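Throughout, residue positions are numbered sequentially from 1 according to the sequence presented. As the structure is a prediction and not an experimental result, all values here were calculated from the model. First listed ligand is number 1; within each ligand, the first listed atom is number 1.
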Amino acid sequence: MQHYDYVIVGAGFAGSVLAERLASQAGKTILLIDKRSHIGGNAYDCLNEDGILIHQYGPHIFHTNSPEVFAYLSQFTEWRPYEHRVLASVDGKLLPIPINLDTVNQLYGYSFTSEELADYFKSVGEPVEDIRTSEDVVVSQVGRDLYEKFFRGYTRKQWGVDPSQLDKMVTSRIPTRTNQDDRYFTDEFQYMPLQGYTKMFEKMVDQPCIHQLLSTDFKEVKDQLSFDELIYTGPVDEYFDYCYGKLPYRSLRFDHQTLDVADYQPVSVVNYPNDHAYTRITEYKKLTGQEHPKTSITFEYPQDEGDPYYPVPRPENAALYRRYKQLADEQPSVHFVGRLGTYRYYNMDQVVAQALTLYKKLVGIESLQEAVKS
Ligand code: FAD
Ligand code: UDP
């Protein structure tokens with residue numbers, strides 16, 4: 001049986017970045033395991049039966065303020081400039097979300113200037129002394145009516161609980177604006193990988209020192225493996241056999257459809273805060289720029305059962321995670337990283353940064369700039 005320097009569980013961003021760095025820069029031998037039949041984790045994309053590039057696990061838009069993360073990934077892909085814009089279906093209208101000047105004017109038929117809108121938000125915003133929950137964040141900024149129209153229903157569907165039961169970080173992801181900026185993100189770097197995410201992952205992990213073992217659950221093979229260190233990017237509670245109980249994760253069901261029309265909706269993502277059981281519809285061609293006579297869309301239906309997609313940010317879950325983290329810290333040769341390994345609601349760029357930081361620690365490099373060099 002071959003001995004490996006590292007076994008890495010999970011071939012998503014966390015596992016693939018670490019495999020790539022440790023193999024290409026430190027000459028380590030790696031066994032990269034994933035229970036799915038493909039690399040890329042939740043960012044996996046593929047051509048569907050009609051030849052349209054779709055994201056198997058929902059829309060993934062890359063954005064970051066980190067020059068190091070951007071420089072690192074740029075070694076493996078070219079980019080397509082793309083600024084994400086989202087509309088929300090509210091009261092029979094498609095309105096910009098994040099809420100901005102046009103959202104309010106079009107919703108209520110006002111003709112506010114930015115200054116007037118700022119005054120309006122002050123007048124309708126509810127004073128909240130200590131902003132703790134996802135409800136507090138929104139009602140304090142834009143008042144109850146906008147909260148109920150844009151946030152309350154969406155959040156209840158997405159998370160299965162009321163925003164008043166969720167940490168403030170969830171709705172804090174969405175800013176409020178008094179200008180007409182309708183971009184979903186304001187990060188310095190906003191791009192899509194030109195040939196897709198999976199092609200980028202292939203370039204990262206197709207190396208002689210990295211052996212891939214797909215369609216394999218680590219649990220099933222761990223006793224047969226010989227290795228020095230383990231990097232684990234699956235759910236941390238599962239690794240410890242749920243000894244303190246299950247950490248809650250929210251899942252999704254994706255309904256992928258191909259339609260015999262070239263164009264379905266005005267932007268790549270339309271949110272449905274109040275109507276329907278799904279939260280949003282994504283039209284991929286508008287993300288990828290692909291030209292095709294048909295179009296592919298995906299409906300997202302939130303649910304409890306299924307693959308763990310979202311850690312649920314609530315104080316009691318954070319407390320339970322801390323107990324698992326303590327166990328994890330007692331295992332010097334096992335390293336937990338990634339959205340599931342550290343129970344963090346992280347975007348792709350944050351996971352890449354987290355993985356690069358672990359790489360630095362493993363090989364004793366000081367700076368992130370040095371860690372991303374080839
Ligand atoms: P994952 O991608 O989940 O990879 C973990 C891998 O481990 C999986 O492939 C899993 O199969 C494997 N695994 C787990 N347990 C085992 C085991 N026992 N044995 C073998 N393999 C195992 N981020 C953005 O920046 N922009 C976006 O627009 C965006 N949109 C998103 C939309 C959705 C619907 C979701 C769910 C997430 C989105 N994200 C987005 C977040 C992004 O998906 C994550 O930040 C990123 O993919 C996390 O990478 P990871 O490697 O930590 O985890
Ligand atoms: N949200 C909402 N209405 C919207 C968009 C977002 O209530 O139209 C809330 C909801 O709770 C969501 C959170 O803001 O889960 C974060 O939104 P984001 O688009 O960042 O979610 P993700 O892409 O991670 O699913």
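For ligand 2 and Tyr310, the ligand atoms under 4.0 Å from any heavy atom of the residue are 22 (P), 24 (O), 25 (O). For ligand 2, the atoms sitting less than 4.0 Å from at least one non-hydrogen atom of Tyr184 are 5 (C), 17 (O), 18 (P), 19 (O), numbered in the order shown with element in parentheses.
Among protein heavy atoms, atom 21 (N) of ligand 1 sits closest to Lys35 N, 3.0 Å. If you check which protein heavy atom lies closest to atom 9 (C) of ligand 2, you get Thr155 OG1, 3.8 Å. From the protein, the heavy atom lying nearest to atom 51 (O) of ligand 1 is Ala14 N, 2.9 Å. Scanning the protein for heavy atoms near atom 41 (C) of ligand 1, the closest one is Arg339 NH1, 3.3 Å. Among protein heavy atoms, the minimum distance from atom 12 (C) of ligand 2 is reached at Tyr154 CE2, 3.8 Å.
With a 4.0 Å heavy-atom cut-off, ligand 1 is reached by the side chain of Tyr310 but not by its N, CA, C or O. Only backbone heavy atoms of Tyr346 (N, CA, C or O) come within less than 4.0 Å of ligand 1; its side chain stays farther off. Residue Ile174 touches ligand 2 through its side chain alone, judged by heavy-atom distances below 4.0 Å. Proximity of Asn42 to ligand 1, defined as any heavy-atom pair under 4.0 Å, is shared by backbone and side chain alike. By the criterion of a heavy-atom distance under 4.0 Å, the backbone of Pro59, and not its side chain, is placed next to ligand 1. The proximity of Tyr345 to ligand 2, defined as any non-hydrogen pair under 4.0 Å, is limited to the side chain. Neither the backbone nor the side chain of Tyr239 has a heavy atom within less than 4.0 Å of ligand 1.
Other residues, nucleotides and ligands contribute at most 12 non-hydrogen atoms within 6.0 Å of the CZ atom of Arg132. Summarising the local packing, NZ of Lys157 is surrounded by more than 12 heavy atoms from other residues, nucleotides or ligands at distances under 6.0 Å. Heavy atoms of other residues, nucleotides or ligands lying less than 6.0 angstrom from CD of Glu129 number 12 at most. When the shell of 6.0 Å around CD of Glu316 is examined, it contains more than 12 heavy atoms from other residues, nucleotides or ligands. Within 6.0 Å of the CD atom in Gln207, the count of heavy atoms belonging to other residues, nucleotides or ligands exceeds 12. Heavy-atom neighbours of Lys93 NZ from other residues, nucleotides or ligands within 6.0 Å: above the threshold of 12.
On a distance-only criterion, Gly15 and ligand 1 share no N/O pair closer than 3.5 Å. Residue Phe150 has at least one nitrogen or oxygen atom sitting less than 3.5 Å from a nitrogen or oxygen atom of ligand 2, judged on distance alone. At least one N/O-N/O distance between His60 and ligand 1 falls below 3.5 Å. When only interatomic distances are considered, the shortest N/O to N/O separation between Asn271 and ligand 2 falls below 3.5 Å. For Glu300, no nitrogen or oxygen atom sits less than 3.5 Å from a nitrogen or oxygen atom of ligand 1, counting backbone and side chain alike. At least one N or O atom of Ile61, backbone or side chain, sits closer than 3.5 Å to an N or O atom of ligand 1. For ligand 1, the polar-atom distance check finds no N/O of Leu252 at less than 3.5 Å from any of the ligand's N/O atoms. Between Lys219 and ligand 1, no pair of N/O atoms sits closer than 3.5 Å.
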Please test Asp263 against Lys285 for salt bridge (charged side-chain N to carboxylate O under 4.0 Å, His left out), starting from the C-alpha separation and ending with a verdict. CA-CA 9 Å; Asp263 178 49; Lys285 279 173 25 182; over 6 Å; no

Decide salt bridge (charged side-chain N to carboxylate O under 4.0 Å, His left out) for Lys360 and Glu370; before the verdict, give the C-alpha distance in whole Å, the side-chain angles of both, and the deciding distance to 0.1 Å. CA-CA 9 Å; Lys360 264 179 19 182; Glu370 205 186 325; over 6 Å; no

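Stacking of Arg36 on the aromatic ring of Tyr57 is recorded, both the 6.0 Å distance cut-off and the 45° axial limit being met. Relative to the ring axis of Tyr310, Arg250 does not place its NZ or CZ within 45° and under 6.0 Å from the centre. A cation-pi geometry, defined here as NZ or CZ lying under 6.0 Å from the six-membered ring centre and within 45° of its normal, does not hold between Arg339 and Tyr346.
At least one heavy atom of Thr216 sits less than 4.0 Å from an atom of ligand 1. Proximity of Arg280 to ligand 2 is established by a heavy-atom distance of less than 4.0 Å.
For atom 34 (C) of ligand 1, the choice among Tyr57, Phe185, Tyr309, Phe218 with the nearest heavy atom turns out to be Tyr57. Of the candidates Thr342, Asp34, Thr233, Asp34 brings a heavy atom nearest to atom 12 (C) of ligand 1. Residue nearest to atom 20 (O) of ligand 2, selected from Arg173, Gln158, His84: Arg173 (by heavy-atom distance). Of the candidates Met348, His55, Gln158, it is Met348 that places a heavy atom closest to atom 25 (O) of ligand 1.
There is no protein heavy atom less than 4.0 angstrom from atom 53 (O) of ligand 1.
Ser140 and Glu126 share no side-chain donor-acceptor pair at under 3.5 Å. Between Gln141 and Thr176, the side chains place a donor N or O and an acceptor N or O closer than 3.5 Å (distance only, hydrogens not considered). Remark: the Asn274 side chain and the Arg152 side chain contain no N/O donor-acceptor pair separated by less than 3.5 Å.
Relative ring orientation between Tyr343 and Tyr321 is described as parallel, the plane-to-plane angle staying below 30° on a 0-90° scale split at 30° and 60°.
Just one residue in the list Ser164, Ser172, Pro163 forms a side-chain contact (heavy atoms from CB on, under 4.5 Å) with Ser134, and that residue is Pro163.
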